[in-house]
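Computation of the quantities below employed the complete heavy-atom set of this structure, encompassing side-chain atoms and omitting hydrogens, waters and symmetry-equivalent molecules. Every value quoted in this text rests on a predicted model; they were computed, and no experiment measured them. In what follows, chains are A, B, ... by sequence order, proteins preceding strands, each numbered from 1.
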Number of protein chains: 2
Amino acid sequence: MVDETTKNFPTNKEIPSLLRNRGIFPTRQRVRVAQEMLCRPQHVTADQLFMAVNAKHPAVARATVYNTLSIFVNAGLVSVLTMPDGGTVYYDSSVHHHAHIFDEESGELMDVDADVFSLAQHVALPDDAEVTGVDLVVRVRRKTTG
Amino acid sequence: MVDETTKNFPTNKEIPSLLRNRGIFPTRQRVRVAQEMLCRPQHVTADQLFMAVNAKHPAVARATVYNTLSIFVNAGLVSVLTMPDGGTVYYDSSVHHHAHIFDEESGELMDVDADVFSLAQHVALPDDAEVTGVDLVVRVRRKTTG
DNA sequence: GGACTGTTTTAGATCTGGTCTAAATCCAAT
DNA sequence: ATTGGATTTAGACCAGATCTAAAACAGTCC
């Protein structure tokens, strides 16, 4: 279901040049946050990331994590999403256009490859509207695992 | 685009019986909140509603507005949605399954009739997953009005 | 090197949306 | 009128996120 081939996650070593390529000066803090955020597929809150980054020893201040995350969002390195209900903000290390499945019981959030843009074609839009993004969350309940 | 015929919004006078039909005791406060929330198509935050209800004179406490809204959500009288980015929680007076268009420039949120459930069929789901809800937001920019 | 400049980070204060609590009020049934 | 359960209230509280002003850091020029 999830097609990892559509995105290659960088290794820790690749992070500094990756940031530089995006015009982001790779400070120690930014590199640490990026390594924790970008190197695997995941959906985390800013606070989870803050704790992960500082797990072993204090490394990066809270404000820096928040700032850095929005720098990454602007640079297109991570995407943002929130649960349709609830309002918790998650950061997603996958930026290609994809949909999400939300398991209502476990609260788990999964990526699904789906051409959400072509799905959106089936929605009647105003003539002058240019689509800039499509967010699709399918909420499910597992019949067996319930 | 928006098809008002798919939902009839109640009049102020109909609110008490509407609540009673749903098993909600129609207190003065609940009726006030319902009148402000349910009688027309809209997307509002809890706080906007709180202020609207108390615009002329203090009428309902903040906590009551929040409690009442979640009672209405549980009863299926209103639906909840959050902006994929941002995390602001909106309450929607339309409960039939529909999609949303979000104008990135104006911040305006509009209903669109679309069979989101059948759209979700095109997404590859786990075998044992039963769809309980589909949230679709198409973000747009207006070419002319920009 | 050392002084200067702009950028980044920091700790902690602050803001904000939302929930909790314990007391007061309401309402229906006796 | 009194009782008892449901509802509402004001204000305290909480968590996530942002703001602030000071300190640390790079890079440049002498």
Side-chain angles (χ1 to χ4, degrees), chain A residues 15-17 19-20 22-37 43-54 57-75 77-92 107 109, chain B residues 15-17 19-20 22-37 43-54 57-75 77-92 107 109:
Chain A
I15 288 293
S17 57
L19 294 184
R20 232 183 289 265
R22 301 297 184 112
I24 301 169
F25 188 87
T27 64
R28 177 178 64 76
Q29 292 86 340
R30 257 113 90 144
V31 170
R32 273 300 290 119
V33 172
Q35 286 174 340
E36 205 63 52
M37 181 76 229
H43 310 93
V44 291
T45 66
D47 220 60
Q48 285 167 353
L49 195 64
F50 170 64
M51 296 202 286
V53 163
N54 292 327
H57 53 92
V60 183
R62 175 182 299 278
T64 304
V65 172
Y66 280 90
N67 290 341
T68 303
L69 277 173
S70 45
I71 290 172
F72 289 176
V73 170
N74 289 337
L77 286 171
V78 312
S79 51
V80 188
L81 82 145
T82 66
M83 276 312 90
D85 27 17
T88 322
V89 176
Y90 287 89
Y91 293 86
D92 185 342
L109 196 53
Chain B
I15 288 293
S17 57
L19 294 183
R20 232 182 289 267
R22 301 297 185 111
I24 301 170
F25 188 87
T27 64
R28 177 179 64 78
Q29 292 86 341
R30 257 115 87 145
V31 170
R32 274 299 290 119
V33 172
Q35 286 174 341
E36 205 63 52
M37 181 76 229
H43 310 90
V44 291
T45 66
D47 221 60
Q48 286 168 353
L49 195 64
F50 170 64
M51 295 201 287
V53 162
N54 291 327
H57 53 93
V60 183
R62 174 183 299 277
T64 305
V65 172
Y66 279 90
N67 289 342
T68 303
L69 276 173
S70 46
I71 289 172
F72 289 175
V73 170
N74 290 337
L77 286 171
V78 312
S79 51
V80 187
L81 84 145
T82 66
M83 276 310 89
D85 28 15
T88 322
V89 176
Y90 287 91
Y91 293 86
D92 186 342
L109 197 53

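The CZ-P distance, from R32(B) to dT8(D), rounds to 14 Å in whole Å. If you take CG of N67(A) and C1' of dG16(D), they are 14 Å apart, rounded to a whole angstrom. Put simply, CD1 on I24(A) is 15 Å from C1' on dT7(C), counting in whole angstrom units. In this entry the distance linking CG of L69(B) with P of dT8(D) reads 12 Å, nearest Å. Residue F50(A) contributes atom CZ, which lies 12 Å from atom P of dG16(D) at whole-angstrom precision. Taking atom CG of residue L49(B) and atom C1' of nucleotide dG17(C), one finds them 15 Å apart after rounding to whole Å. The CZ-C1' distance, from R62(B) to dG18(C), rounds to 8 Å in whole Å. What separates CD1 of I71(B) from C1' of dT7(D) is a distance of 9 Å, to the nearest Å.
Separating the OG1 atom in T45(A) from the CE atom in M51(A) is a distance of 7.0 Å, to the nearest 0.5 Å.
Of all the heavy atoms in R22(B) and A75(B), the pair that sits closest is NH1-O, 3.0 Å. Closest heavy-atom contact between F50(A) and A61(A): CE1-C, 3.8 Å.
Distances shorter than 4.0 Å separate none of the side-chain N or O atoms of Y66(A) from OP1 or OP2 on dT18(D). Phosphate contact (OP1/OP2 of dT10(C), side-chain N/O of Q29(A), threshold under 4.0 Å): present. Look at R30(B) and you'll find a side-chain N or O under 4.0 angstrom from OP1 or OP2 of dT7(D). A close approach under 4.0 Å does not occur between any side-chain nitrogen or oxygen of T45(B) and OP1 or OP2 of dG17(C).
Side chain of A63(A), nearest nucleotide from dT10(C), dA17(D), dT7(D): dT10(C).
Among the protein residues, T64(B) comes within range of the nucleic acid bases, having at least one heavy atom under 4.0 Å from a base atom.
A side chain to side chain contact (heavy atoms under 4.5 Å, CB included) with V65(B) is found for exactly one of V60(B), D47(B), N54(B), namely V60(B).
Projected onto DNA chain C by closest heavy-atom contact, G87(B) and R28(B) fall at different nucleotides, the more 5' of which corresponds to G87(B).
Remark: the backbone N or O of R30(A) is not paired with any side-chain donor or acceptor of T68(A) at under 3.5 angstrom.
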